[in-house]
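We're numbering straight along the sequence, starting at 1.
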Amino acid sequence: MNIPFRLPEHQPILILDRTADLSSMDVLHHFAMDELLCSQTGNGGPAICHLWRHPRAFVMGVRDSRLPHAPEGDAWLRSQGYNTAVRHSGGAAVPLDAGVVNLSLILPFDSTGKAPDFHDDFEVMVQLIRDALHSTGAQVDTGEIAGAFCPGTYDLSIGGLKFCGIAQRRQRHAFIIQAFIIASGSGSERARLVRSFYDIAASGAAPGSYPLVEESSTASLEELIPGQDDAVNSFTHAVKDVVRRWQSGYDLTQAAVRFKLPSADDVREMADKLRQRYADKLS
């Protein structure tokens with residue numbers, strides 16, 4: 001097990017677990033929450049570990065939204081009952097449902113105000129997920145998985161099958177590391193959905209301008225780790241246990257005082273801003 005990541009002095013991290021709330025139909029509300037929390041962290045608020053889920057959504061990257069037939073792909077997804085959106089962080093298309101745990105680490109820049117190295121951002125998230133799965137005995141590998149959706153250098157896999165992707169977003173004084181973790185359900189069914197989207201959206205697109213998704217590339221923790229019958233709750237609790245170990249020795253009182261949960265109105269307003277920012281991409 002690697003040495004646990006430690007936050008800078010006087011920067012305890014608070015846990016915001018919203019995984020039990022599947023009421024929001026607009027997936028951008030979650031990304032809006034991250035934006036508002038990051039702004040708060042950058043203005044003297046505490047670091048945050050934000051966990052959430054969404055019942056049925058399909059989130060595209062900006063590059064996906066520029067594919068020749070992205071509007072048709074978007075329309076097809078909506079006809080299948082998916083809430084769709086274009087996200088502001090990096091990466092390509094990702095399907096979300098109740099079996100996917102979304103994890104955001106929202107951290108301030110150091111005392112010099114300097115942003116951390118891009119790779120360090122990702123290594124923090126890798127460390128957290130590896131520690132959360134340590135007790136399962138599974139070996140978590142890092143590196144792009146051929147044929148996986150939302151491919152990247154920091155794909156996390158077990159036995160050559162991807163279960164997690166990581167992206168990041170930076171503001172002026174703080175940054176967000178975002179990960180999706182496929183905890184339960186079928187990885188291949190999700191990959192099939194993403195491939196179907198690209199079959200429509202990328203028709204006529206130049207080779208290399210979109211991922212070539214294969215069903216056999218992806219699996220859930222439930223499929224990969226024996227005994228993971230309640231993988232969503234098991235993984236969520238394990239993440240929180242790791243963060244609590246990170247908190248050891250910190251006084252959380254002042255951090256809690258400096259934290260303010262964004263109001264529903266503020267979240268809706270920010271979601272609208274994010275939607276308007278990328279509205280032309282799918283028109």
Side-chain angles (χ1 to χ4, degrees), residues 16 18-19 21-43 45 47-67 70-78 80-98 100-109 115 118 121-122 125 149-150 152 165-181 194 197 201 210 259-283:
L16 176 60
R18 298 172 55 248
T19 55
D21 183 1
L22 293 171
S23 61
S24 177
M25 293 297 103
D26 185 353
V27 70
L28 280 181
H29 282 192
H30 306 289
F31 292 96
M33 178 72 77
D34 273 1
E35 282 289 290
L36 293 168
L37 291 172
C38 190
S39 178
Q40 183 179 148
T41 298
N43 285 292
I48 303 290
C49 173
H50 178 204
L51 296 125
W52 57 274
R53 293 186 296 155
H54 192 278
R56 191 173 176 86
F58 193 97
V59 183
M60 292 168 247
V62 173
R63 194 176 181 186
D64 298 319
S65 70
R66 292 171 176 161
L67 289 169
E72 292 92 329
D74 179 69
W76 175 76
L77 288 164
R78 289 182 175 276
Q80 303 298 307
Y82 287 91
N83 175 232
T84 63
V86 180
R87 71 170 177 269
H88 54 290
S89 55
V94 174
L96 301 179
D97 54 61
V100 178
V101 177
N102 297 275
L103 171 58
S104 298
L105 286 177
I106 303 169
L107 306 174
F109 293 170
F118 174 84
D121 290 5
F122 288 82
M125 182 64 80
F149 58 80
C150 196
I166 304 174
Q168 63 94 31
R169 159 82 171 155
R170 294 188 176 191
Q171 292 187 5
R172 186 175 179 183
H173 299 297
F175 60 104
I176 313 168
I177 319 161
Q178 297 171 328
F180 69 86
I181 298 90
V194 179
F197 163 75
Y210 63 96
F259 173 74
K260 181 181 179 182
L261 185 68
S263 70
D265 287 343
D266 287 341
V267 170
R268 280 193 294 270
E269 182 179 350
M270 177 57 71
D272 288 342
K273 288 180 180 178
L274 294 176
R275 185 173 294 103
Q276 290 166 12
R277 190 177 302 170
Y278 301 109
D280 62 325
K281 303 293 190 299
L282 294 174
S283 59

**Q** Return the CG to CE distance between Leu28 and Met33, rounded to the nearest 0.5 Å.
**A** 13.0 Å
**Q** Looking only at non-hydrogen atoms, find the nearest pair between Ala70 and Ser65 and report the distance.
**A** CB-O, 3.4 Å
**Q** Check for a donor-acceptor pair, side chain of Gln178 on one end and backbone N or O of Gln168 on the other, with a separation under 3.5 Å.
**A** no
**Q** Does anything in residues 30-40 pair up under salt bridge (charged side-chain N to carboxylate O under 4.0 Å, His left out), and if so which pairs, sequence neighbours excluded?
**A** Glu35-Arg169
**Q** Given Ile181 and Leu103, is the side-chain contact (heavy atoms from CB on, under 4.5 Å) satisfied, shown in steps?
**A** CA-CA 8 Å; Ile181 298 90; Leu103 171 58; 4.0 Å; yes
**Q** Which residues satisfy the salt bridge (charged side-chain N to carboxylate O under 4.0 Å, His left out) test with Lys260, sequence neighbours excluded?
**A** none
**Q** Could you give me the CA-CA distance, side-chain angles and deciding distance for Leu261 and Leu16, then say whether side-chain contact (heavy atoms from CB on, under 4.5 Å) is met?
**A** CA-CA 9 Å; Leu261 185 68; Leu16 176 60; 4.0 Å; yes
**Q** Less than 4.5 Å apart, side chain to side chain, heavy atoms only: is that true for Phe58 and Val194?
**A** yes
**Q** Once side-chain contact (heavy atoms from CB on, under 4.5 Å) is applied, do any residues pair with Ala75, and if so which ones, sequence neighbours excluded?
**A** none
**Q** Do Ser24 and Trp52 have side chains that approach each other closer than 4.5 Å (heavy atoms only, starting at C-beta)?
**A** no
**Q** Just by modelled atom types, is the Val27 backbone N or O under 3.5 Å from a matching donor or acceptor in the Asn83 side chain?
**A** yes
**Q** At their closest point, which heavy atom of Ala201 faces which heavy atom of Leu67, and how far apart are they?
**A** O-CB, 3.3 Å
**Q** For Ala32, enumerate each residue passing the side-chain contact (heavy atoms from CB on, under 4.5 Å) test, keeping only those at least two apart in sequence or located in another chain.
**A** Val267, Met270, Ala271, Leu274
**Q** With sequence neighbours left out, what residues match Tyr210 under ring-ring contact (aromatic ring centres under 6.0 Å, His included)?
**A** Tyr198
**Q** Measuring only between side-chain heavy atoms, which start at C-beta, is Val62 closer than 4.5 Å to Val86?
**A** yes
**Q** Keeping the roles fixed (side chain from Asp64, backbone from Met60), state whether a donor-acceptor pair exists under 3.5 Å.
**A** no
**Q** Which residues pass the salt bridge (charged side-chain N to carboxylate O under 4.0 Å, His left out) test with Glu269, sequence neighbours left out?
**A** Lys273
**Q** When you compare the side chain of Pro95 with that of Phe197, does any pair of heavy atoms fall below 4.5 Å?
**A** no
**Q** For the residue pair His50 and Arg18, confirm or rule out a side-chain donor-acceptor distance under 3.5 Å.
**A** yes
**Q** Just by distance, do the side chain of Arg53 and the backbone of Ala98 share a donor-acceptor pair under 3.5 Å?
**A** yes
**Q** Does a side-chain heavy-atom distance below 4.5 Å link Ile176 with Leu105?
**A** no
**Q** With His54, which residues qualify under ring-ring contact (aromatic ring centres under 6.0 Å, His included), at least two apart?
**A** His30
**Q** With sequence neighbours excluded, tell me which residues meet side chain to side chain donor-acceptor pair (under 3.5 Å) with Asn102.
**A** none
**Q** Considering residues at least two apart in sequence or located in another chain, which fulfil the salt bridge (charged side-chain N to carboxylate O under 4.0 Å, His left out) criterion with Asp21?
**A** none
**Q** Parallel under 30°, tilted from 30 to 60°, perpendicular over 60°: which one fits the rings of His173 and Phe109?
**A** perpendicular
**Q** Report the residues that fulfil side chain to side chain donor-acceptor pair (under 3.5 Å) with Arg56, sequence neighbours left out, ordered by chain and then residue number.
**A** none
**Q** Just do the side-chain contact (heavy atoms from CB on, under 4.5 Å) check on Arg268 and Asp26 with the steps written out, would you?
**A** CA-CA 9 Å; Arg268 280 193 294 270; Asp26 185 353; over 6 Å; no
**Q** Measuring only between side-chain heavy atoms, which start at C-beta, is Leu36 closer than 4.5 Å to Phe31?
**A** no
**Q** Could you tell me whether the side chain of Pro55 reaches within less than 4.5 Å of the side chain of Asp97, counting heavy atoms only?
**A** no
**Q** If you look at every heavy atom in Ala93 and Phe149, which pair is closest and at what distance?
**A** O-CD1, 3.7 Å
**Q** For Asp266, what residues pass the salt bridge (charged side-chain N to carboxylate O under 4.0 Å, His left out) criterion, not counting sequence neighbours?
**A** none
**Q** Applying side chain to side chain donor-acceptor pair (under 3.5 Å), can you list everything that pairs with Thr84, at least two apart in sequence or on another chain?
**A** Asp74, Arg78
**Q** Can you tell if the side chain of Phe175 reaches within under 4.5 Å of the side chain of Pro108, non-hydrogen atoms only?
**A** no
**Q** Given Val59 and Leu96, is the side-chain contact (heavy atoms from CB on, under 4.5 Å) satisfied, shown in steps?
**A** CA-CA 8 Å; Val59 183; Leu96 301 179; 3.8 Å; yes
**Q** Which heavy atom of Leu37 sits nearest a heavy atom of Pro262, and at what distance?
**A** CD2-CD, 3.8 Å
